[in-house]
Amino acid sequence: MQDWFDVAEKIETRTLAAAGKAGIDQAAFSAEARPADPRFGDVQVNGALPYAKRLKANPREIAQKIVDELAKDEAVTDVAELSIAGPGFINFRFKPSFYLDWLNDFSTESVYREAAAKLYAGERVVVDYGSPNTAKQMHVGHIRSIVIGEAICRLLEFCGADVTRDNHIGDWGTPYGKLFYAYKRHLDPDALKADPLGELERLYKLGSQLASDDKAVLEESRQELVQLQDGKPESMKLWETVNQLSIQGLKEVYDQLDVTYDCYLGESFYRDRVDLVYKELEECQLAEESNGALVVFHPEHKRYAEQPFIIRKSDGASNYATTDLATMLYRHEHFKATRIIIVTDDRQKDHFEQLDLTTAKWFEKTGRTRPAFDHVMFGKINGDDGKPIKSRSGDPIRLKDLISEAIERAHTVVKEKNSDLPEEELQLIAETVGISSIKYADLSSNRTSDYVFSWEKLLSFEGNTAPYLLYAATRIQSIFRKLDPSDLENLEARASVFETGEEIALARKIVEFVGALQITIDTLRPHMLSGYLYELAGAFSGFYAANKVIVEDDGQKARRLILCQRALLALKIGLSLLGIKTLERM
RNA sequence: GUCCUCGUAGUUCAAUGGAUAGAGCACCGGUUUCCGAAACCGGUAAUCCGGGUUCGAAUCCCGGCGAGGGCACCA
């Protein structure tokens, strides 16, 4: 049974074998299995159609030959009914006993984990996400990278990859001159202690203001920057302080979002590694002088033949292309990454395409193995007016304010629905519901699209929302609270086979977890998993409304309890992969 | 100008080239002596336009129209 974890893969192997026995050229036949329309079956294979087309044969006859062979394969006939429909679709409909066997085998998180861990075993992935600037508060624009990046890390880890979470913070560069100028003259130590990022941000804004009002201040700020870039001990010490306070402030928000990084290797970390980039790219003859800058063109590319990748500015300074190249090298050499994933907004698409092209040529010419590279990009979060959301004052909404508001709103909603909860528990529930709702709103939208942010929608208990999923989980747990311990003994032995449409629909949906996981990780699109979880919760709710669980008939009760347990298991695993905690009650 | 990401019910979102395009909200109707009705069941309603490829197109290609974004030293 273990090899049925991924039912699509299993069916593909068996179908391909059957096709071979039926005299079909296996190389020309696609046995790709996909979820079928429930009216026709559970899994379908369409390969007979294109195959027949190429041979100018009748697709139904081809399908029939394959089905005739499959019908001799007990591994298949023991678990599924076969049929041919329409122009030549081969449909597999699993027997209710198959679902029961599957659910009995895949009954705990560790069994799921063990089965899934084969998918990416041996992969070493560095995921670069979050990446805010230091000395500034994070705002709503940072949330997608954090939330999507974290989900991708969890998914990859679950599938067996060795993941390094790297926060590539913007901790170096021109803003520091103005910040240091203001820091030395206008620091409020109490405010710094209470809210480091808030105070640093205030100082930076103040410094900018003063510098634009007064040329003397501007000049002093420049001197501050020069001293920092020259590595003057006093400047470096102040920089260290600012950096450390910044990371401390960032971590407060990451803690709330349940995100922990392995390292914070920001731009400053690479500042001594850029000279090697210039040197190697020039030696490889990839980089050339243009208008005083050092740039890379890609003559074979329709756009980057003309649009330069600037790796050294005409004033001799590095920019983010340089540090990103140095970062690619470091991740290859130090982390031995087989894959690098960078999660940023879609405006940086060109930059990362150029980075990837340049790295490919650079590594090839220097005999290095290039890690696979993915730029996981995402769209904007808009307000009701279709424009990027802003606070009433027109400034970006601070991330910590967004989180606080989510918790407050969740508190109100949960209290309204369940007034019996003690205040202390209510507060904890509100935190989980509020934060989950924000995260889930993001993860349930296709990342490449913009989406409209709506408090009403994301905190609703209806539709594809965190509260709906969390509610489904709490209802299941509520059933278990009502049972005697003896009700849960030897469930597998007591259970009778599924009968009702709702039972089978729910069982089928649970088994689909694997396919949902697969497509989510293949495409790095968490909304695929979220869509699945919504369907799973819906299948449970439909089952729950129509089939009483705690009934007299012991076989019926046992099989329904199995469904409840495994539905909860799949929900919990799926939500945790998205970075969302479940609740006992709400 | 050029390139990119998009364009799906009134609205907010789905749909790995597969069968009758699927949900939430809104609107209309139904379900509770019974495990949490924060729920469930049913109904009305959509692929921007025009070509093409394909056995099969919301999806791929070409041309329009519309929105947002990138395109020489910000990241």
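In what follows, every chain begins at residue 1, and chains take the letters A, B, ... in the order their sequences are listed. Remember, predicted model here, so these are calculated numbers, not experimental data.
Rounded to an integer number of Å, the gap from CG of A/D450 to P of B/C6 is 10 Å. What separates CZ of A/F309 from P of B/C71 is a distance of 13 Å, to the nearest Å.
Residue contacts shown for A/E32 include a base, since a base heavy atom lies under 4.0 Å away. Counting any heavy atom pair closer than 4.0 Å across all strands shown, A/T174 reaches no nucleic acid atom. Within the 4.0 angstrom heavy-atom criterion, no nucleotide atom of any strand lies near A/D420. Residue contacts for A/K387: at a heavy-atom cut-off of 4.0 Å it reaches no nucleic acid atom on any strand shown. Among the protein residues, A/Y468 comes within range of the sugar-phosphate backbone only, with heavy atoms under 4.0 Å from sugar or phosphate atoms but none that close to a base. Counting any heavy atom pair closer than 4.0 Å across all strands shown, A/D487 reaches no nucleic acid atom. Among the atoms of the strands shown, base atoms are found under 4.0 Å from some heavy atom of A/A85. Looking at heavy-atom distances under 4.0 Å, A/M528 makes contact with sugar-phosphate atoms alone, never a base. Within 4.0 Å (heavy atoms only), A/R347 reaches sugar-phosphate atoms of the nucleic acid but no base atom. Using a 4.0 Å heavy-atom cutoff across all strands shown, A/P308 reaches at least one base atom of the nucleic acid. Backbone-only engagement by A/V452 is indicated by non-hydrogen atom pairs under 4.0 Å involving sugar-phosphate atoms exclusively. Counting any heavy atom pair closer than 4.0 Å across all strands shown, A/T448 reaches sugar-phosphate atoms only and no base atom. Residue-level contact check: A/D346 touches neither bases nor backbone, having no heavy atom under 4.0 Å from any strand. Nucleic acid contact for A/P35: base, since at least one base atom lies under 4.0 Å from a heavy atom of the residue.
For A/A293, counting side-chain heavy atoms from C-beta on, the closest listed nucleotide (B/C40, B/A14, B/C73) is B/C73. With B/G18, B/U12, B/A75 as the choices, the nucleotide that has an atom nearest any side-chain atom of A/K457 turns out to be B/U12. With B/C74, B/A39, B/C13 as the candidates, the nucleotide lying closest to the side chain of A/Y451 is B/C13. For A/Q307, taking side-chain heavy atoms from C-beta onward, the closest of the listed nucleotides B/C35, B/C71, B/A37 is B/C71. Each of B/C13, B/C73, B/U16 was ranked by its minimum atom distance to the side chain of A/R34; first place goes to B/U16. For A/K380, the listed nucleotide lying nearest its side chain is B/G69; candidates were B/C73, B/A72, B/G69. For A/Y471, taking side-chain heavy atoms from C-beta onward, the closest of the listed nucleotides B/C13, B/A19, B/A37 is B/A37. Listed nucleotides: B/C4, B/G70, B/G68. Nearest to the side chain of A/K302: B/C4.
The aromatic ring of A/F461 does not sit over the base of B/A38; the criterion of centres under 5.5 Å apart with planes under 30° is not met. By the 5.5 Å and 30° criteria, A/Y544 is stacked with the base of B/C35.
Between the side chains of A/Y264 and A/D171, no donor-acceptor pair of N or O atoms lies under 3.5 Å. With 3.5 Å as the limit, one finds no donor-acceptor pair spanning the side chains of A/T327 and A/R273. Side chains of A/E32 and A/N46: no donor on one and acceptor on the other come within 3.5 Å. There is no side-chain donor-acceptor pair under 3.5 Å between A/S486 and A/D484. Side chains of A/H298 and A/T358: a donor on one and an acceptor on the other come within 3.5 Å.
Comparing B/C49 with B/U59, their P atoms are spaced 11 Å from each other, to the whole Å. To the nearest whole angstrom, the two P atoms, one in B/A15 and one in B/A58, are 15 Å apart. Across B/G24 and B/G68, the matching P atoms stand 31 Å from one another, rounded to whole Å. B/U20 and B/G56: their C1' atoms are spaced 15 Å apart (whole Å). Rounded to the nearest Å, the gap between the C1' atom of B/U53 and that of B/A57 is 10 Å. A distance of about 10 Å separates the C1' atoms of B/G7 and B/U47, rounded to the whole Å.
Relative ring orientation between A/F29 and A/Y51 is described as perpendicular, the plane-to-plane angle rising above 60° on a 0-90° scale split at 30° and 60°. Ring orientation note: the planes of A/Y270 and A/Y330 are nearly perpendicular, at an angle over 60° on the 30°/60° scale. Ring geometry for A/Y304 against A/H301 counts as parallel: the plane angle stays under 30°, on a 0 to 90° scale with 60° as the upper cut.
Taking only distance into account, the side chain of A/S541 never meets the base of B/C40 through a donor-acceptor pair shorter than 3.5 Å. For B/A19, the base has a donor-acceptor partner in the side chain of A/Q44 [N/O atoms by modelled type, under 3.5 angstrom]. Taking only distance into account, the side chain of A/N46 never meets the base of B/A19 through a donor-acceptor pair shorter than 3.5 Å. At a cut-off of 3.5 angstrom, counting only N and O atoms as typed in the model, there is a donor on one side and an acceptor on the other between the side-chain of A/S290 and the base of B/A72.
RNA chain B is contacted by both A/E456 and A/S314; A/E456 maps to the nucleotide lying nearer its 5′ end (nearest heavy atom per residue). Each of A/R475 and A/D315 was matched to the nucleotide of RNA chain B holding its nearest heavy atom; the match closer to the 5' end belongs to A/R475.
Within the 4.0 Å cut-off from OP1 or OP2 of B/G36, at least one side-chain nitrogen or oxygen of A/K482 is found.
Of the residues in residues 349-357 of chain A, those placing a heavy atom less than 4.0 Å from an atom of RNA chain B are A/K349, A/D350, in numerical order.
One finds the CZ atom of A/R312 at 8.5 Å from the CG atom of A/D275 (value rounded to the nearest 0.5 Å).
For the pair A/D42 and A/R508, the salt-bridge criterion is met [side-chain N within less than 4.0 Å of a carboxylate O]. Taking 4.0 Å as the cut-off between side-chain N and carboxylate O, A/D128 and A/R331 count as a salt-bridged pair.
Between A/H168 and A/F269, a ring centre-to-centre spacing not shorter than 6.0 Å is recorded.
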Contact list (N/O, under 3.5 angstrom) for nucleotides 30-34 of chain B vs protein:
| residue | atom | partner | partner atom | Å |
| --- | --- | --- | --- | --- |
| B/C34 | O2' | A/K548 | NZ | 3.0 |

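Every residue two or more places apart in sequence or in another chain that forms a side chain to side chain contact (heavy atoms under 4.5 Å, CB included) with A/Q477 is listed here: A/R481, A/L568, A/K572, A/E584.
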